[in-house]
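Encoded as structure tokens, the structure appears first; notes follow it.
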Amino acid sequence: MIGRNELVKWLRSIDKKLHRKMTLIAVGGTAMTLLGLKSSTRDIDFCIKSEDKKDFEKVLYKKFKVDLFTDGYIFSEQLPADYSEKSKEIIRMKNIALKALNPIDIIITKAARFNARDEEDIEALSKHVDKDELIKRFNEVLKSYSGKEEDYKYHIKIILKRFF
């Protein structure tokens, strides 16, 4: 398990090797750990601009399992264009601006898979999210959802019933 301090220390070492500025947006459990909503994460998940991905991968050393998603496309969802602006800045290093995905968008991305681990995370996140805002955001994301739409709608329905 990877705690916040260990994650930031690891990123600082990567930051020193980069030759230009880029933004990393932590998603899933990584975002929750950085936001202080979870003590640690199993793996590291970032959303990064496609034009930055190759340069980041060149200096990335695999101390942890790392998944990189590009341009707001996370699993089978394309987040709305404003996902980066809605994300919370965690720390600004020399080259890396580290952000955490907004809790509403974390729920939106976890709703697609919605397994037991996701349920625990969603329960913790629900205390920081407005139900009406979640429904509004879900409807925005649903327009571009590329997975099985019926399952996604069913998962959101369960989430709203259990946690809101």
Side-chain angles (χ1 to χ4, degrees), residues 1-2 4 7 11 22-57 60 62 64-91 96-164:
M1 297 300 275
I2 308 154
R4 185 185 197 283
L7 175 59
L11 279 173
M22 61 182 64
T23 299
L24 295 176
I25 301 175
V27 302
T30 306
M32 291 181 68
T33 300
L34 291 169
L35 291 168
L37 301 174
K38 191 175 182 168
S39 63
S40 61
T41 183
R42 289 178 180 221
D43 58 5
I44 297 172
D45 299 313
F46 291 122
C47 193
I48 188 169
K49 289 183 179 175
S50 55
E51 62 264 23
D52 295 337
K53 186 178 180 186
K54 206 173 255 186
D55 287 340
F56 184 74
E57 287 177 325
L60 177 67
K62 298 275 186 148
F64 309 111
K65 181 184 179 300
V66 178
D67 290 315
L68 298 176
F69 303 97
T70 53
D71 303 322
Y73 191 78
I74 301 167
F75 299 112
S76 53
E77 297 145 275
Q78 174 66 56
L79 291 171
D82 64 352
Y83 77 95
S84 181
E85 291 82 43
K86 289 184 176 279
S87 296
K88 181 182 193 286
E89 187 167 308
I90 301 298
I91 191 167
I96 294 174
L98 178 61
K99 293 180 162 189
L101 199 62
N102 181 293
I104 288 175
D105 287 335
I106 299 171
I107 291 175
I108 291 296
T109 58
K110 287 185 169 287
R113 181 177 59 189
F114 197 54
N115 64 21
R117 205 170 69 215
D118 294 325
E119 270 193 81
E120 286 179 33
D121 290 347
I122 291 167
E123 183 174 14
L125 289 160
S126 68
K127 297 169 180 70
H128 305 275
V129 168
D130 177 76
K131 179 182 178 180
D132 293 333
E133 289 294 316
L134 176 63
I135 293 167
K136 181 180 174 191
R137 193 68 163 176
F138 171 75
N139 287 324
E140 288 176 43
V141 171
L142 188 60
K143 294 172 189 169
S144 62
Y145 186 68
S146 62
K148 193 171 177 186
E149 196 174 299
E150 307 84 52
D151 289 350
Y152 195 36
K153 286 179 178 178
Y154 180 68
H155 293 165
I156 283 292
K157 191 175 181 180
I158 291 170
I159 289 165
L160 292 170
K161 186 175 181 181
R162 284 191 192 157
F163 305 115
F164 290 92

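Numbers here are sequence positions counted from 1.
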Separation between [atom1] of [X] and [atom2] of [Y], rounded to the nearest 0.5 Å:
{"X": "Ile96", "Y": "Ile91", "atom1": "CD1", "atom2": "CD1", "result": "10.0 Å"}
{"X": "Thr30", "Y": "Ile2", "atom1": "OG1", "atom2": "CD1", "result": "7.0 Å"}
{"X": "Leu125", "Y": "Ile122", "atom1": "CG", "atom2": "CD1", "result": "7.5 Å"}

Does [X] reach the main-chain N or O of [Y] with its side chain, forming a donor-acceptor pair under 3.5 Å?
{"X": "Lys99", "Y": "Ser84", "result": "yes"}
{"X": "Asp121", "Y": "Asp118", "result": "no"}
{"X": "Asp43", "Y": "Lys65", "result": "no"}
{"X": "Glu77", "Y": "Lys110", "result": "no"}

Heavy-atom closest pair, residues Ile48 and Thr23: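 Smallest heavy-atom distance, with atoms named: CG1-O, 4.0 Å.
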Carboxylate-amine/guanidinium proximity below 4.0 Å for Lys136 and Asp130: no
Presence of salt bridge, Glu140 and Arg137, under 4.0 angstrom: yes
Aromatic centroids of Tyr152 and Phe138 separated by under 6.0 Å: yes
Tyr73 atom OH, over 12 foreign heavy atoms within 6.0 Å: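 Counting neighbours around OH of Tyr73, more than 12 heavy atoms of other residues, nucleotides or ligands fall under 6.0 Å, so yes.
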